[in-house]
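The next block holds one structure in the form of structure tokens; read it before the comments.
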Amino acid sequence: MFDNIITDDSIDMLLRQQDAKEIVSKEGHIGRVVFKVAEGIDAVYLYEVTDDGIMYLQRLSPDPINYGRMNDAPEAIKNIAYDIQNFKRAFESGVYNEFALMTENMNELQMKMEELFLMYHPDVEDMKEIYDAMKEMHKKMQGICL
């Protein structure tokens, strides 16, 4: 019936083979919810509620972000409602396409930064130059937000 069945046991075994320090598997409920922001643009969220009643939330698109642990369901709903309201308003601003392009580039930059650090071991001067450029960009964004 299913050619590729994924189970906790098979994942745990593969992770143990990779020398996982700790594996904790819990029963829970995972939900995926999609909201229409605008024509052709959806906001997609993934939430998990464990048997212990702990809730985790992340936005998968349009700009992936991990909100992490929520105190309760109303907090998660509040975060999602706030997001949807702001994304709809941002879409109407006329610069949504630029925002989408920038966030895509930022996500790629984050992956490249990790690759740079883990695989290429850059020298301190190069890392400082990159960090200084990031600080300047952050400063520019803060100036716009005031």
Side-chain contact test, heavy atoms from C-beta onward, threshold under 4.5 Å: evaluate it for Asp83 versus Phe35 and give yes or no. no
Is the backbone of Met106 close enough, under 3.5 Å, to the side chain of Gln110 for a donor and an acceptor to pair up by distance? no
In terms of heavy-atom contacts, Phe117 and Pro122 come closest through CA-CD, 4.2 Å
Enter the distance from Glu39:CD to Ile41:CD1 here, rounded to the nearest 0.5 Å. 9.5 Å
Other residues, nucleotides, ligands: >12 heavy atoms within 6.0 Å of Glu129 CD: no
Residues forming a salt bridge (charged side-chain N to carboxylate O under 4.0 Å, His left out) with Asp126, sequence neighbours excluded: none
With side-chain contact (heavy atoms from CB on, under 4.5 Å) as the criterion, how do Ile11 and Met13 come out once you've worked through the C-alpha distance, each side chain's angles and the decisive distance to 0.1 Å? CA-CA 5 Å; Ile11 294 170; Met13 179 190 68; over 6 Å; no
Mind checking whether Leu46 and Ile30 have side chains closer than 4.5 Å, heavy atoms only? yes
Leu57 and Ile80, any side-chain heavy atoms less than 4.5 Å apart: yes
Let me confirm one number: the CE-CG distance from Met111 to Leu116, rounded to the nearest 0.5 Å. 14.0 Å
Show, in sequence, the C-alpha distance, side-chain angles and deciding distance for Met70 and Asn79, and conclude whether the side-chain contact (heavy atoms from CB on, under 4.5 Å) test is met. CA-CA 10 Å; Met70 299 284 105; Asn79 275 299; 3.4 Å; yes
Would you give the length of the straight line joining atom CG of Asp72 to atom CD1 of Ile77, rounded to the nearest 0.5 angstrom? 10.0 Å
What verdict does the side-chain contact (heavy atoms from CB on, under 4.5 Å) test give for Phe99 and Asp63, after you've listed the backbone C-alpha separation in whole Å, the side-chain angles of each residue and the deciding distance to 0.1 Å? CA-CA 9 Å; Phe99 164 78; Asp63 176 33; 4.2 Å; yes
Going through the distances and angles, do Leu101 and Glu98 end up as a side-chain contact (heavy atoms from CB on, under 4.5 Å)? CA-CA 5 Å; Leu101 183 60; Glu98 289 78 4; 5.7 Å; no
Flag the pair Glu108 / Asn105 as yes when at least one side-chain heavy-atom distance between them is below 4.5 Å, and no otherwise. yes
Measuring from Met113:CE to Leu118:CG, what's the distance to the nearest 0.5 Å? 10.5 Å
Could you check whether any side-chain N or O of Asn66 sits under 3.5 Å from a backbone N or O of Gly68, counting only pairs where one atom can act as donor and the other as acceptor? yes
Got a sec, which residues hit side chain to side chain contact (heavy atoms under 4.5 Å, CB included) with Lys88, two or more places apart in sequence or on another chain? Val37, Ile84
So, do Tyr67 and Arg59 sit near enough that their side-chain heavy atoms are less than 4.5 Å apart? yes
Give a yes or no on whether Tyr131 and Met141 share a hydrophobic cluster (residues Ile, Leu, Val, Met, Phe, Trp, Tyr; joining criterion: side-chain heavy atoms under 4.5 Å apart). no
Atom pair CG/CE of Asn71 and Met55 - distance to nearest 0.5 Å: 11.5 Å
Please tell me if the side chains of Tyr82 and Lys78 come closer than 4.5 Å, counting only heavy atoms from C-beta onward. no
Report the relative orientation of the aromatic rings in His29 and Tyr47; use parallel for angles under 30°, tilted for 30 to 60°, perpendicular for over 60°. tilted
Got a salt bridge between Glu115 and Lys112, using NZ or NE/NH1/NH2 to carboxylate O under 4.0 Å? yes
Any side-chain heavy-atom pair from Thr103 and Pro62 closer than 4.5 angstrom? no
Gap between atom NE2 of His121 and atom CE of Met127 - 0.5 Å precision: 11.5 Å
Do Tyr45 and Val34 have side chains that approach each other closer than 4.5 Å (heavy atoms only, starting at C-beta)? no
If we ignore hydrogens and angles and just use 3.5 Å, is the side chain of Arg89 paired with the main-chain N or O of Ser93 as donor and acceptor? no
